[in-house]
K.L.:
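Below is the structure I would like to discuss, written out as structure tokens.
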Amino acid sequence: QVQLVESGGGLVQAGGSLRLSCAASGRTFRRYAMGWFRQAPEKERDFVAAISWSGGSPYYADSVKGRFSISRDNAKNTVYLQMNSLKPEDTAVYYCAADVRAYSSGRYYSATHDEYDYWGQGTQVTVSS
């Protein structure tokens, strides 16, 4: 069982920045691919960013490319999402997710939420105009 706990959400004005963190339990975090997704009210959960178990090959949704950056610290079992130049349309609940089969499957990352095995409880990000 893997537990994921997000933090760092909040209210920010358009153009501002936030840094989300996701702390994971488990002794094999270094073998998990990690992803961030978001869900706005009455909308589906959308992919935001993913990072491979090695920390390389970050991958982003087109809507956040150039503004958001995903990173990880395997020594701290933590993945981060740095969000800059925030827009009102970035308002959503942000979830981190762990793909614990990535290493054994030879998969660097996935943008498909079905590939992820564990999810955090989410953290609210609200961007005011």
Side-chain angles (χ1 to χ4, degrees):
Q1 190 77 7
V2 176
Q3 292 185 326
L4 303 172
V5 180
E6 301 101 333
S7 61
L11 173 64
V12 64
Q13 288 188 331
S17 298
L18 282 174
R19 188 196 197 200
L20 306 184
S21 299
C22 173
S25 65
R27 297 189 298 175
T28 55
F29 175 79
R30 66 187 184 280
R31 294 187 175 182
Y32 306 161
M34 298 297 294
W36 287 95
F37 291 75
R38 66 186 182 186
Q39 188 167 19
E42 300 182 359
K43 292 190 176 181
E44 294 185 351
R45 191 171 297 188
D46 291 332
F47 169 76
V48 174
I51 190 166
S52 70
W53 44 266
S54 68
S57 305
Y59 181 67
Y60 300 95
D62 287 343
S63 58
V64 306
K65 201 172 294 183
R67 299 188 297 123
F68 290 12
S69 178
I70 187 171
S71 61
R72 67 188 295 158
D73 185 338
N74 286 346
K76 295 182 178 180
N77 278 21
T78 301
V79 63
Y80 304 97
L81 185 68
Q82 177 67 44
M83 305 186 295
N84 299 326
S85 302
L86 282 162
K87 305 175 181 179
E89 52 262 44
D90 294 319
T91 295
V93 177
Y94 283 71
Y95 299 89
C96 75
D99 175 2
V100 303
R101 296 165 289 162
Y103 183 85
S104 60
S105 301
R107 183 168 58 241
Y108 285 112
Y109 57 75
S110 174
T112 305
H113 70 73
D114 287 349
E115 299 283 6
Y116 289 87
D117 307 288
Y118 297 96
W119 294 80
Q121 81 289 349
T123 185
Q124 176 70 46
V125 172
T126 303
V127 184
S128 63
S129 57

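Just so we're clear, the structure is a prediction, and the values are computed from it rather than from any experiment.
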K.L.:
For the residue pair Y108 and W53, does the interplanar ring angle fall in the parallel (under 30°), tilted (30 to 60°) or perpendicular (over 60°) class?
P.N.:
parallel
K.L.:
Do you know which two heavy atoms are closest between R107 and S110, and how far apart they sit?
P.N.:
CD-CB, 4.3 Å
K.L.:
Can you check whether F37 and Y116 have ring centres sitting under 6.0 Å from each other?
P.N.:
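Judged by ring-centre distance (under 6.0 Å), F37 and Y116 do meet the cut-off.
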K.L.:
Any side-chain donor-acceptor pair under 3.5 Å between Q124 and T126?
P.N.:
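Looking only at side-chain atoms, T126 and Q124 do form a donor-acceptor pair, the distance falling under 3.5 Å.
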K.L.:
Mind listing the closest non-hydrogen atom pair of I70 and W36 along with its distance?
P.N.:
CD1-CD1, 3.6 Å
K.L.:
Please examine the side chains of R38 and T123, heavy atoms only from C-beta on, and report whether any two atoms are closer than 4.5 Å.
P.N.:
no
K.L.:
Can I get a per-line list of side-chain donor-acceptor pairs under 3.5 Å for residues 9-21, giving both atom names and the distance, sequence neighbours left out?
P.N.:
from	atom 1	to	atom 2	distance (Å)
S17	OG	N84	OD1	2.9

K.L.:
With no hydrogens and no angle check, is any side-chain donor or acceptor of S105 less than 3.5 Å from a backbone partner on A102?
P.N.:
no
K.L.:
Tell me, do Y109 and E115 make a side-chain contact under 4.5 Å, heavy atoms counted?
P.N.:
no
K.L.:
Side-chain contact, heavy-atom cut-off 4.5 Å: R31 with V100?
P.N.:
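R31 vs V100: side chains apart.
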K.L.:
Among D73, N74, V79, find the one that has a side chain to side chain contact (heavy atoms under 4.5 Å, CB included) with K76.
P.N.:
D73
K.L.:
Look at the side chain of S69 and the backbone N and O of Q82, then say whether any donor-acceptor pair between them is shorter than 3.5 Å.
P.N.:
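No: the side chain of S69 does not pair with the backbone of Q82.
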K.L.:
Search all heavy atoms of V48 against all heavy atoms of L81 and return the closest pair with its distance.
P.N.:
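Looking at all heavy atoms of both residues, the closest pair is CG1-CD2, 4.2 Å.
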K.L.:
Regarding K87 and D90, does a basic nitrogen lie under 4.0 Å from an acidic carboxylate oxygen?
P.N.:
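Result for this pair is no, no salt bridge flagged.
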K.L.:
For R72 and G55, work out which heavy atoms get closest and say how close.
P.N.:
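That closest heavy-atom pairing would be CD-CA, 3.8 Å.
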K.L.:
Minimum heavy-atom separation for Q121 to L4, with atom names?
P.N.:
OE1-O, 3.5 Å
K.L.:
Hey, is the main chain of A33 close enough, under 3.5 Å, to the side chain of D99 for a donor-acceptor pair?
P.N.:
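A pair under 3.5 Å: no.
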K.L.:
Check Y60 against A49 and note the closest heavy-atom contact, atom names and distance.
P.N.:
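Nearest pair, atom of Y60 first, then A49: CD2-CB, 3.6 Å.
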K.L.:
Between OH of Y94 and OG of S7, what distance do you get to the nearest 0.5 Å?
P.N.:
15.0 Å
K.L.:
For Y95, does the six-membered ring have the charged nitrogen or CZ of R45 within the cation-pi criterion, i.e. under 6.0 angstrom from the centroid and within 45° of the normal?
P.N.:
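Yes, R45 and Y95 form such a contact.
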K.L.:
Report the C-alpha separation of Y59 and F47 in whole Å, then their side-chain angles, then the decisive distance to 0.1 Å, and conclude whether the ring pair (Phe, Tyr, Trp, His ring centres under 6.0 Å) test is met.
P.N.:
CA-CA 10 Å; Y59 181 67; F47 169 76; 5.6 Å; yes
K.L.:
In Å and rounded to the nearest 0.5 Å, what is the CE to OG1 distance from M34 to T78?
P.N.:
9.0 Å
K.L.:
Hey, could you give me each pair passing disulfide (SG to SG under 2.5 Å) that has a residue in residues 22-129? Not counting sequence neighbours.
P.N.:
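Disulfide (SG to SG under 2.5 Å) check on residues 22-129 returns C22-C96.
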K.L.:
Do Y32 and Y118 land in one hydrophobic cluster if side-chain heavy atoms of ILVMFWY residues count as linked below 4.5 Å?
P.N.:
yes
